[in-house]
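Written out below as structure tokens is the structure these notes cover.
FYI, side chains are in, hydrogens and waters are out, and symmetry mates aren't considered; it's all heavy atoms of this structure. Here, residue 1 is the first one in the sequence, and each next residue gets the next number.
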Amino acid sequence: MAMTTNDRNILRQLGQRIAEIGNLPVQDEKRDLWRRLNGLQRVRPLLYIDEVPWWEMNVNDELTLRCEDKNLQGLEGSLRRTIYQWDHFRGDMVVRPEIVSTYVIHDTGYGMQTHAVRAQQEGMTAADYVPIIASESDVEKIQLPTVTVDWDATERNYQTLQELFDGVVPVRKCGIRHMWFAPWDQLIQWYGITELYMDMMDRPQLVKAAIDRMVTAMGHRLDQLEQQGALSVSENNFRVGSGGLGITDELPREKDGPAATRDLWGTSTGQIFSEVSPDMHWEFCLQYEMRLLERFGLNCYGCCEPLHNKLHLMRKIPRLRKVSMSPYVKLDIASENMGKDFVFSHKPNPSYVAMDGWDRELVRTVLREAMDATRTNVVEIVLKDISTVRNEPQRLWDWETVAMEVAQEYA
């Protein structure tokens, strides 16, 4: 890649800032807290913020892209967002003093065409999916994906970054280090929500054929990634599923060379089953997901579904470590049913930073109520799905300040 002197200088300056942040002593302190939390030790609630409306966050041009080369702007944007979050709403984020060069992986997909009717309002886009699965012959159209690692392109990218950041910050190659399976999240776009809910009663065999095929396709992809050496050990500062960071010392390597699935965190979720009974959640969802989850060293389950009345099912998942639930979960029931057996990924409602007026004391009250209800659990606070801050970035900065103050109260 031919790179202008200006672009090179911009990226090296950002890399230098990443190195400075990543080498601060507090990073080791934060890593230790996450290791202890993920080891089910009782520490103060740890705070992680993700899925931010970055298009509303630019203050003092901190996020303005300055590289001329469009191919470099993705890297520049990623570095700027990391620095911005550290400066304004870091919570318990961890920054490593390195640049990650990811493997180049090609994937043929499932061969299914998604048909969606989209509507947009106030910058938000919603989609109504048109069902295309109505029979078992339609299910058979779901293809097993072919995955290929382009090692030549991977090496070229790595060498480019090595040369760019030489003497500034180390560059590390990295494959896939966490697998998030959500078979019904994908499948529902072809099946239809109303159709699924009706067919679980009227045509259960069709529903089972569909989820069986979907999980088989996902497992086929996983087999190829593992066989081609595309996996990396889950040992760094990355988000696990819909929870917080997955820093742990419980995924030891058993051999040198590429990682195996047992060296990684796995995640799945059945969000579309939030209003489905526990028995049907097991029958049409979780028992199939287990075929994937049983392959991983540690697991996380859940996202935006309220699982407080399904934790007896969660206990069937091997090596389950984190459970993430909807902001609308019944905290008292969930707390009692979880005990100290899992990390409770508490997700506060992001609407508090999107209301007509900002009310920091309301945020404090709601967080305290949640921490009171989960006082006996091992807890992480994960603010995500932040659609808007009403173009007032300071709301999120202030939310983080209040949340950290509350977390310290429950140390």
Side-chain angles (χ1 to χ4, degrees), residues 51 110 112 114 127 129 131 133 139 142 178-219 221-222 239-243 264-296 298-331 333-334 337-338 341-347 382 384-385:
E51 299 177 11
Y110 303 110
M112 299 288 280
T114 300
Y129 294 100
I133 291 179
V139 169
I142 301 174
H178 166 234
M179 297 294 293
W180 187 336
F181 302 97
W184 272 112
D185 279 12
Q186 177 64 67
L187 190 56
I188 202 65
Q189 299 178 35
W190 309 325
Y191 204 110
I193 297 174
T194 301
E195 290 74 13
L196 168 65
Y197 273 50
M198 295 293 290
D199 282 353
M200 281 190 288
M201 296 296 295
D202 296 340
R203 297 195 293 175
Q205 293 309 311
L206 176 58
V207 177
K208 292 178 179 179
I211 185 61
D212 177 73
R213 180 67 175 176
M214 193 74 233
V215 169
T216 297
M218 289 181 163
R221 171 186 286 114
L222 182 57
R239 173 185 170 195
V240 170
S242 189
L264 275 66
W265 282 88
T267 294
S268 195
T269 178
Q271 298 179 88
I272 208 66
F273 283 74
S274 67
E275 304 308 310
V276 170
S277 71
D279 288 346
M280 296 182 83
H281 192 130
W282 171 259
E283 182 179 1
F284 296 103
C285 184
L286 184 56
Q287 69 164 318
Y288 293 92
E289 294 171 295
M290 294 275 277
R291 285 160 36 188
L292 302 169
L293 295 173
E294 66 185 8
R295 301 176 62 172
F296 292 89
L298 290 172
N299 282 304
C300 172
Y301 194 87
C303 186
C304 293
E305 64 269 47
L307 295 167
H308 56 271
N309 64 336
K310 297 180 180 179
L311 283 161
H312 63 290
L313 296 180
M314 303 299 101
R315 293 180 179 278
K316 296 183 179 183
I317 299 173
R319 297 170 297 284
L320 180 65
R321 186 55 54 88
K322 291 179 185 272
V323 180
S324 179
M325 290 184 258
S326 162
Y328 303 104
V329 67
K330 294 182 179 179
L331 287 171
I333 299 175
N337 289 338
M338 287 187 70
D341 298 331
F342 314 110
V343 176
F344 192 144
S345 298
H346 169 60
K347 297 206 288 292
V382 182
K384 60 183 287 289
D385 298 312

* Asked: Under 3.5 Å, side chain of Trp184 to main-chain N/O of Thr269, donor-acceptor pair present?
  -> no
* **Pair Tyr288, Arg213: side-chain N/O donor-acceptor within cut-off below 3.5 Å** => no
* Between Trp190 and Thr114, do the side chains contain an N or O donor and an N or O acceptor separated by less than 3.5 Å? -> yes
* **Over 12 foreign heavy atoms within 6.0 Å of NZ, Lys330** => no
* Asked: Are any non-hydrogen side-chain atoms of Lys322 and Tyr301 less than 4.5 angstrom apart?
  -> no
* Asked: Which heavy atom in Gly270 sits nearest to a heavy atom in Glu305, and how many Å separate them?
  -> N-OE2, 3.0 Å
* Structure fact -> When every non-hydrogen atom of Leu320 is compared with those of Phe342, the smallest separation belongs to O-CD2, 3.4 Å
* Please answer whether the main-chain N or O of Asp279 pairs with a side-chain N or O of Glu283 as donor and acceptor at a distance below 3.5 Å. => no
* Criterion side chain to side chain contact (heavy atoms under 4.5 Å, CB included) on Phe344 and Leu331, from CA distance to verdict -> CA-CA 10 Å; Phe344 192 144; Leu331 287 171; 3.8 Å; yes
* Which pair of non-hydrogen atoms, one from Asn337 and one from Arg315, has the smallest distance, and what is that distance? -> O-NH2, 2.8 Å
* To do: Would you kindly say whether Ser324 and Lys347 are connected by a side-chain donor-acceptor distance under 3.5 Å?
  => yes
* **Minimum-distance pair of heavy atoms, taken over all atoms of Gly219 and Arg295** => O-NH1, 3.8 Å
* Glu289 and Ser268: side chain donor to acceptor below 3.5 Å -> yes
* Asked: Are Asp385 and Cys304 close enough that some pair of their side-chain heavy atoms sits under 4.5 Å apart?
  -> yes
* **Verdict with supporting geometry, Ile133 and Ile142, side chain to side chain contact (heavy atoms under 4.5 Å, CB included)** => CA-CA 10 Å; Ile133 291 179; Ile142 301 174; 4.2 Å; yes
* Is Val276 close to Met280 at the side-chain level, that is, under 4.5 Å between some pair of heavy atoms? -> yes
* To do: Might you confirm whether atom CD1 of Ile333 has over 12 heavy atoms from other residues, nucleotides or ligands at distances under 6.0 Å?
  => yes
* Asked: Using the ring of each side chain (for Trp, its six-membered ring), is His178 parallel, tilted or perpendicular to Trp180, with breaks at 30° and 60°?
  -> tilted
* Structure fact -> Here the pair of heavy atoms bringing Asn299 nearest to Leu293 is ND2-O, 2.9 Å
* **N-O pairing of Arg319 and Glu294 below 4.0 Å** => no
* Asked: Which atom pair, heavy atoms only, marks the closest approach of Ser274 to Lys310?
  -> O-NZ, 4.3 Å
* Asked: Hey, mind stepping through Phe273 and Trp282 against side chain to side chain contact (heavy atoms under 4.5 Å, CB included) and telling me if it holds?
  -> CA-CA 10 Å; Phe273 283 74; Trp282 171 259; over 6 Å; no
* Non-hydrogen side-chain atoms of Leu286 and Met314 separated by less than 4.5 Å -> yes
* When you look at Tyr191 and Tyr197, which way does the ring-ring contact (aromatic ring centres under 6.0 Å, His included) test go after all the steps? -> CA-CA 10 Å; Tyr191 204 110; Tyr197 273 50; over 10 Å; no
